[in-house]
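Heads up: the structure comes next, in structure tokens.
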Amino acid sequence: MKLCELKRSTWLKNKSNRIWRWNWSKWTYSGRWQKWQKARSWHSAKPFFEWGQTSIVMRMPKARWFKRNDKLVTHYSVINLSNLEKDERITKDMEITKFKLKELGYIKKESEFVKVLWNWDFSKKLTFTGLEKFSKSALEKIEKAWAKVN
């Protein structure tokens with residue numbers, strides 16, 4: 001038998017069959033990590049698996065009374081003074097309430113918390129009643145325009 005007459009084994013053609021060959025020069029396995037969990041063919045880490053640390057799913061309380069954190073935080077609907085300035089439906093000396101904002105389509109429900117922000121000029125003389133929060137710059141612009149906040 002000559003060297004040129006040798007044929008390659010059929011099982012060596014598939015790379016997945018060759019992946020676990022021992023590399024004698026480096027004393028390692030070829031192809032994947034050496035003897036770790038991710039080196040195994042059956043490995044698939046779940047999305048909530050945190051590599052030995054107790055996962056967030058297990059750490060969260062599961063009592064009936066427990067509310068999710070996003071329910072504990074108050075979310076505000078943001079309204080810009082420039083939008084109120086540009087709106088032709090809002091006239092001078094008008095009272096801005098949650099009911100009026102819902103009618104105009106700025107908020108979906110009257111039960112929402114509303115925060116008023118400033119991002120451009122404001123000159124309409126309006127009265128704001130029943131709104132929860134105002135930014136500092138919005139309050140300054142409202143005072144300059146002789147508007148009121150109740």
Side-chain angles (χ1 to χ4, degrees), residues 11-150:
W11 67 274
L12 275 175
K13 289 179 184 174
N14 189 359
K15 189 176 181 181
S16 64
N17 288 334
R18 287 184 281 133
I19 208 158
W20 286 108
R21 305 291 292 187
W22 182 263
N23 185 351
W24 288 102
S25 62
K26 296 179 183 176
W27 289 90
T28 59
Y29 292 116
S30 63
R32 294 204 185 138
W33 293 9
Q34 194 177 4
K35 297 184 181 177
W36 294 96
Q37 185 180 9
K38 285 177 77 174
R40 307 300 181 213
S41 60
W42 43 261
H43 163 74
S44 64
K46 305 296 183 276
F48 53 84
F49 184 65
E50 297 180 20
W51 300 102
Q53 175 179 316
T54 307
S55 66
I56 190 76
V57 178
M58 299 300 288
R59 283 181 280 165
M60 292 290 280
K62 296 169 184 70
R64 193 179 300 167
W65 49 264
F66 179 72
K67 302 284 189 275
R68 288 197 314 266
N69 188 35
D70 62 318
K71 289 186 177 180
L72 299 174
V73 177
T74 54
H75 297 283
Y76 290 93
S77 297
V78 176
I79 295 173
N80 289 317
L81 285 175
S82 62
N83 295 346
L84 299 177
E85 176 76 25
K86 294 174 187 174
D87 199 343
E88 296 170 359
R89 298 172 292 179
I90 298 174
T91 59
K92 288 188 176 183
D93 299 324
M94 184 182 274
E95 186 176 358
I96 303 296
T97 60
K98 287 187 181 182
F99 179 74
K100 194 69 177 172
L101 290 173
K102 185 180 179 249
E103 278 184 357
L104 296 172
Y106 286 103
I107 59 175
K108 293 180 182 176
K109 300 176 189 174
E110 289 180 48
S111 61
E112 290 182 22
F113 293 104
V114 178
K115 183 170 184 176
V116 179
L117 301 177
W118 170 78
N119 61 348
W120 207 248
D121 290 332
F122 180 71
S123 60
K124 285 187 180 177
K125 187 177 178 183
L126 302 173
T127 306
F128 296 93
T129 54
L131 304 181
E132 281 77 26
K133 277 195 170 185
F134 293 87
S135 67
K136 290 179 184 177
S137 56
L139 281 173
E140 290 173 9
K141 292 296 175 181
I142 289 169
E143 288 172 3
K144 281 185 181 178
W146 299 96
K148 295 178 185 176
V149 177
N150 295 335

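Bear in mind the structure is a predicted one, so any value in this text is a computation, not a measurement.
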Measuring from [X]:[atom1] to [Y]:[atom2], what's the distance to the nearest 0.5 Å?
{"X": "Met94", "Y": "Leu104", "atom1": "CE", "atom2": "CG", "value": "7.0 Å"}
{"X": "Ile90", "Y": "Leu101", "atom1": "CD1", "atom2": "CG", "value": "7.0 Å"}
{"X": "Ser111", "Y": "Lys102", "atom1": "OG", "atom2": "NZ", "value": "9.5 Å"}
{"X": "Leu126", "Y": "Glu85", "atom1": "CG", "atom2": "CD", "value": "8.0 Å"}
{"X": "Leu81", "Y": "Ser137", "atom1": "CG", "atom2": "OG", "value": "8.0 Å"}

Problem - pair Ile79-Leu131: side-chain heavy atoms closer than 4.5 Å - result: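 Heavy-atom side-chain distance check fails, nothing below 4.5 Å.
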Problem - Test item: Glu50 and Met58 side chains (from C-beta on) under 4.5 Å apart, heavy atoms - result: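 SC-SC contact between Glu50 and Met58 ruled out.
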Problem - Ring geometry between Phe122 and Phe128 (parallel below 30°, tilted from 30 to 60°, perpendicular above 60°) - result: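 Plane angle between 30° and 60°, so tilted.
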Practice task
Give the intermediate values and the outcome of side-chain contact (heavy atoms from CB on, under 4.5 Å) for residues Val116 and Ile96.
Solution key: CA-CA 11 Å; Val116 179; Ile96 303 296; over 6 Å; no
Exercise for the section: Go through the structure and list residues passing salt bridge (Lys or Arg N to Asp or Glu O under 4.0 Å) with Glu95, not counting sequence neighbours. Expected result: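 Glu95 satisfies salt bridge (Lys or Arg N to Asp or Glu O under 4.0 Å) with no other residue.
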Handout entry: Worked verdict on Tyr106 versus Asp87 for side-chain contact (heavy atoms from CB on, under 4.5 Å)
Key = CA-CA 11 Å; Tyr106 286 103; Asp87 199 343; 2.9 Å; yes
Please tabulate, for side-chain N and O atoms in residues 141-150, each donor-acceptor pair with protein atoms closer than 3.5 Å (sequence neighbours left out).
none

Practice task
Evaluate whether atom OH of Tyr76 has more than 12 neighbouring non-hydrogen atoms of other residues, nucleotides or ligands under 6.0 angstrom away.
Solution key: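 Count over threshold, so yes.
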Practice task
State whether the side chain of Asn80 and the backbone N or O of Ser82 hold a donor-acceptor pair below 3.5 Å, judged by distance alone.
Solution key: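 Such a contact is absent between Asn80 side chain and Ser82 backbone.
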Handout entry: Inter- and intrachain pairs under salt bridge (charged side-chain N to carboxylate O under 4.0 Å, His left out), touching residues 120-135, at least two apart
Key =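 As it turns out, the salt bridge (charged side-chain N to carboxylate O under 4.0 Å, His left out) pairs with a partner in residues 120-135, which skip direct neighbours, are Lys98-Glu132.
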